[in-house]
Trainee: 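Have a look at this one.
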Amino acid sequence: MAAETFFARWSRVKTEAQEQTVREAAAIVSGAEEQPAEAPAAPVPAPTLEQVESLTPESDFTPFIARGVDETVRRAALKKLFADPRFNVMDGLDTYVDDYNKFEPLTPLMVAALNHAKNLIAREFAAEEDDEPKDEDL
């Protein structure tokens, strides 16, 4: 028996999978005809703003976010849900959560330390410039 190439094997497996899908679909269709049809469910009335007022954090909010629900009812329900204090806990991982417009002024001691460091660095740079040979000396 000759070795089957990759593409031949791929084609064969894909064809078998399609045939299996067709057989399963045919079995479902033939089985559906034999079973009696279920009675259609009565349409569920859309939630109202009065129902939103009776919601608690433990309530089921699924009907309020379903398709076809009025936008004002949906927003009111979500507002009620997120008013729960459990959703207002800061996790501490938010980088930009602090107010960086309010700052603590530097103390006089810290300003003196910064000025001292600035003077030390300025002296080091001045010393390096004096030690470098000039182009005229070459």
Side-chain angles (χ1 to χ4, degrees):
M1 178 160 127
E4 190 176 28
T5 66
F6 170 77
F7 291 111
R9 185 176 64 247
W10 175 78
S11 177
R12 179 181 50 79
V13 169
K14 186 173 180 181
T15 305
E16 289 172 358
Q18 287 175 343
E19 290 171 357
Q20 179 66 25
T21 305
V22 169
R23 281 191 297 254
E24 290 173 357
I28 290 172
V29 169
S30 65
E33 292 174 358
E34 296 171 5
Q35 297 175 354
E38 295 180 14
V44 178
T48 62
L49 286 174
E50 290 79 26
Q51 293 172 332
V52 171
E53 293 172 4
S54 65
L55 289 174
T56 64
E58 289 76 28
S59 299
D60 182 22
F61 285 80
T62 308
F64 295 93
I65 59 171
R67 284 191 178 161
V69 175
D70 185 36
E71 187 69 24
T72 55
V73 174
R74 177 181 292 133
R75 288 183 182 269
L78 290 174
K79 188 174 182 179
K80 184 90 169 192
L81 173 66
F82 290 117
D84 183 21
R86 291 179 285 183
F87 290 105
N88 295 326
V89 176
M90 297 304 269
D91 62 359
L93 298 176
D94 293 333
T95 304
Y96 303 107
V97 87
D98 290 333
D99 186 6
Y100 293 107
N101 291 324
K102 296 180 181 178
F103 61 94
E104 296 178 12
L106 296 176
T107 62
L109 182 62
M110 188 170 277
V111 171
L114 289 172
N115 283 331
H116 178 69
K118 181 179 76 171
N119 292 336
L120 284 175
I121 292 171
R123 276 191 243 139
E124 284 294 321
F125 280 130
E128 285 180 10
E129 287 178 2
D130 290 341
D131 290 343
E132 289 182 9
K134 307 231 188 264
D135 292 335
E136 300 163 358
D137 293 343
L138 294 175

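Values reported hereafter were calculated over all heavy atoms of this structure, with side chains retained and with hydrogens, waters and symmetry mates removed.
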Trainee: Which residue pairs satisfy the side-chain hydrogen bond (donor to acceptor under 3.5 Å, both in side chains) criterion with at least one member in residues 47-58, sequence neighbours excluded?
Mentor: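 Those involving residues 47-58 are T48-E50, T56-S59.
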
Trainee: Which ILVMFWY residues can you reach from F7 by hopping between side chains whose heavy atoms are under 4.5 Å apart?
Mentor: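 F7 shares its hydrophobic cluster with F6.
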
Trainee: Of all residues at least two apart in sequence or in a different chain, which pass the side chain to side chain donor-acceptor pair (under 3.5 Å) check with T62?
Mentor: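 Partners of T62 under the side chain to side chain donor-acceptor pair (under 3.5 Å) test: D60.
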
Trainee: Under the salt bridge (Lys or Arg N to Asp or Glu O under 4.0 Å) test, which residues partner E124, sequence neighbours left out?
Mentor: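 Not a single residue meets the salt bridge (Lys or Arg N to Asp or Glu O under 4.0 Å) criterion with E124.
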
Trainee: So which pairs with a foot in residues 64-78 pass salt bridge (Lys or Arg N to Asp or Glu O under 4.0 Å), sequence neighbours left out?
Mentor: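 Output for this query lists E71-R74, E71-R75.
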
Trainee: Could you give the side-chain donor-acceptor pairs of residues 105-119 under 3.5 Å, partners two or more places apart or in another chain?
Mentor:
residue, atom, partner, partner atom, Å
T107, OG1, M110, N, 3.3
N115, ND2, V111, O, 3.4
N119, ND2, N115, O, 3.3

Trainee: When clusters are formed from ILVMFWY side-chain contacts under 4.5 Å, directly or step by step, what else is grouped with F125?
Mentor: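 Its cluster mates, by chain and number, are I121.
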
Trainee: Would you list the pairs meeting salt bridge (Lys or Arg N to Asp or Glu O under 4.0 Å) in which at least one residue belongs to residues 5-17, sequence neighbours left out?
Mentor: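 Those involving residues 5-17 are E4-R12, R12-E16.
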
Trainee: Should side-chain heavy atoms under 4.5 Å link Ile, Leu, Val, Met, Phe, Trp and Tyr, which residues sit in the same cluster as V69?
Mentor: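 So far as hydrophobic clustering goes, V69 is joined with L49, V52, L55, F61, F64, I65, V73, L78, L81, F82, F87.
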
Trainee: Apply side-chain contact (heavy atoms from CB on, under 4.5 Å) to T15 and list each qualifying residue two or more places apart in sequence or on a separate chain.
Mentor: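 So T15 forms a side-chain contact (heavy atoms from CB on, under 4.5 Å) with S11, E19.
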
Trainee: Can you name the residues that form a side-chain contact (heavy atoms from CB on, under 4.5 Å) with E104, not counting sequence neighbours?
Mentor: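 Once residues adjacent in sequence are excluded, E104 has no partner under the side-chain contact (heavy atoms from CB on, under 4.5 Å) criterion.
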
Trainee: Any idea which heavy atoms bring P47 and P63 closest together, and the distance?
Mentor: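 Nearest heavy atoms, P47 then P63: CG-O, 3.4 Å.
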
Trainee: For R123, enumerate each residue passing the side chain to side chain donor-acceptor pair (under 3.5 Å) test, keeping only those at least two apart in sequence or located in another chain.
Mentor: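 In terms of side chain to side chain donor-acceptor pair (under 3.5 Å), with neighbours along the sequence ignored, R123 is linked to no residue.
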
